[in-house]
Amino acid sequence: MSTVVLRGFGWRHAGRRAWAVRDVDLRIDDGERVLLLGPSGAGKSTLLAALAGLLPADSGEQAGTVEIDGRSPADARDRVGIVFQDPQTQLVMARSGDDVAFGLENRGVPAAEIWPRVSDALDRVGFPYPITRSTAALSGGEAQRLALAGVLALRPGLLLLDEPTANLDPAGADLVRTAITRSRSSSTLILVEHRVAEALPLVDRVVVLEAGGGIRADGTPEVVFAGYGDRLADEGVWVPGFPLAPQRAIAGSPTSPLAATRAVARAVARAVALVVAEDVAVDKRLNDVSMSVSAGEVLAVTGPNGAGKSTLALVLGGLLAPTGGRVSAFGDPKPPHRWRAATLTSRIGSVFQNPEHQFVTSRVADELAVGPRRLGRTPTEIAGTVDSLLERLRLTKLAAANPYTLSGGEARRLSVATALATAPRLLVLDEPTFGQDRRTWIELVTLLAELRDEGHAVVAVTHDDDFVRTVADRTFALGELSGRPA
């Protein structure tokens, strides 16, 4: 196991005025298991990257010191294992088993031990495929399990996990938590997780980062949540026992005249199907899916990892051509994947599971201007759209920042904002609430609900039960690895 000591630690990304994290004084002793919390943008992922030795000196400015077993993180990498918020970035081999073995081979583990440890790690995380499975064919959730297996196989003294269950179905999340529990005797653990209630049995200490720097709270879960629960929830921290305010998206009470008027308008809008899929198939990823999405509704696409949810989202968004069946949308005789780029952008906005896959500029504000500029909007119109979205998605202070330096929650909000910038009638979102704190989750869900009430259609691929209960009008469930409705 490993001991972690931070003294006045801070980090500022190159080109940024604000510090990503600052004034952190923290000691974590051998074998402690810590849940690291804080509002979106408080620096949780940055702190984990620092401990993993993944913040090169030429990529920013560091304050204070970080030590792992008395050594710098760069010198202690052989003691540390990390699973990133985006697991795809740490898969390096073409076959799944080779990817888990890669780290063991680099550590010089004897050849006779490597494959038994690979098999054990894959079993512990419930990886559902043989070791020959192509890593390129994995869904986001499956990649998450594989990345965790690769780290567990190393048996690190310090285990760093950045939202390891965020993109997993309930069964997969349970398997991962079991695997983390089984590592209790061999690793010090620092866990970033928004599913706080489910994570508490895994930890014995909670540390809350302050958005402006420093430690907000530190102690056992009982002490932290009993003493700071109200304030932490108000500041955006997910606190067990604090329910989300209902945001069913109709202003006023359900019996108010305004509510009745909007309900009628939504009922009329839903008679208009914006997109229809008929017996759609995509190679081996999706089979014979038929469904439709109407104006004025939020449709939640659910199902286990590997069922084809993200593939369906790409097809509905016109970004992937089906290999079977047909998709029709907006009354256009051409399917969406054959539309001109400007036509597609004006009608359908897509948000990928990994937000960084859709960033194309080096400034947040410029990212929001790309879509409106492509549609020929005037500079004044573009500026108005950009400013409005920056304010609405809590990104104003980050307007000049590089999108690739944002936290996971900030990057997700930016990706949603880019999709909204062209005011499309249909939004297709893959895990839209990933990485959000309690406050930004409520604001984002409220925004989507308001768009629904204005006649837009929203398709959301999600494992977030709170999102489904709060805002979804319908649920479309894909079955186990088949692509067929469950």
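These values consider heavy atoms only, across backbone and side chains, with no hydrogens, waters or symmetry-generated copies.
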Strictly by modelled atom types, are [X] and [Y] linked by a side-chain donor-acceptor pair under 3.5 Å?
| X | Y | value |
| --- | --- | --- |
| Glu367 | Thr361 | yes |
| Glu431 | Gln353 | no |
| Arg12 | Gln62 | no |
| Trp441 | Asp466 | no |
| Thr440 | Asp437 | yes |
| Gln436 | Ser40 | no |

Could you tell me which residues satisfy side chain to side chain donor-acceptor pair (under 3.5 Å) with Asp218, sequence neighbours excluded, listed by chain and number?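 Scan of Asp218 (side chain to side chain donor-acceptor pair (under 3.5 Å), adjacent residues dropped) gives Arg205.
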With Glu381, which residues qualify under side chain to side chain donor-acceptor pair (under 3.5 Å), at least two apart?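 Once residues adjacent in sequence are excluded, the partners of Glu381 under the side chain to side chain donor-acceptor pair (under 3.5 Å) criterion are Thr378.
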Identify whether the distance between the nearest side-chain nitrogen and carboxylate oxygen of Asp234 and Arg231 falls below 4.0 Å.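 Result for this pair is no, no salt bridge flagged.
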Salt bridge check, Glu67 against Arg7: does any charged N sit closer than 4.0 Å to a carboxylate O?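 Yes.
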Measure from the side-chain N and O atoms of Thr89 to the backbone N and O of Asp86, and report whether any donor-acceptor pair falls under 3.5 Å.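 Yes.
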Please assess Asp120 against Arg117 for the test salt bridge (Lys or Arg N to Asp or Glu O under 4.0 Å), listing each intermediate value before the final yes or no. CA-CA 5 Å; Asp120 175 66; Arg117 283 171 67 166; over 6 Å; no
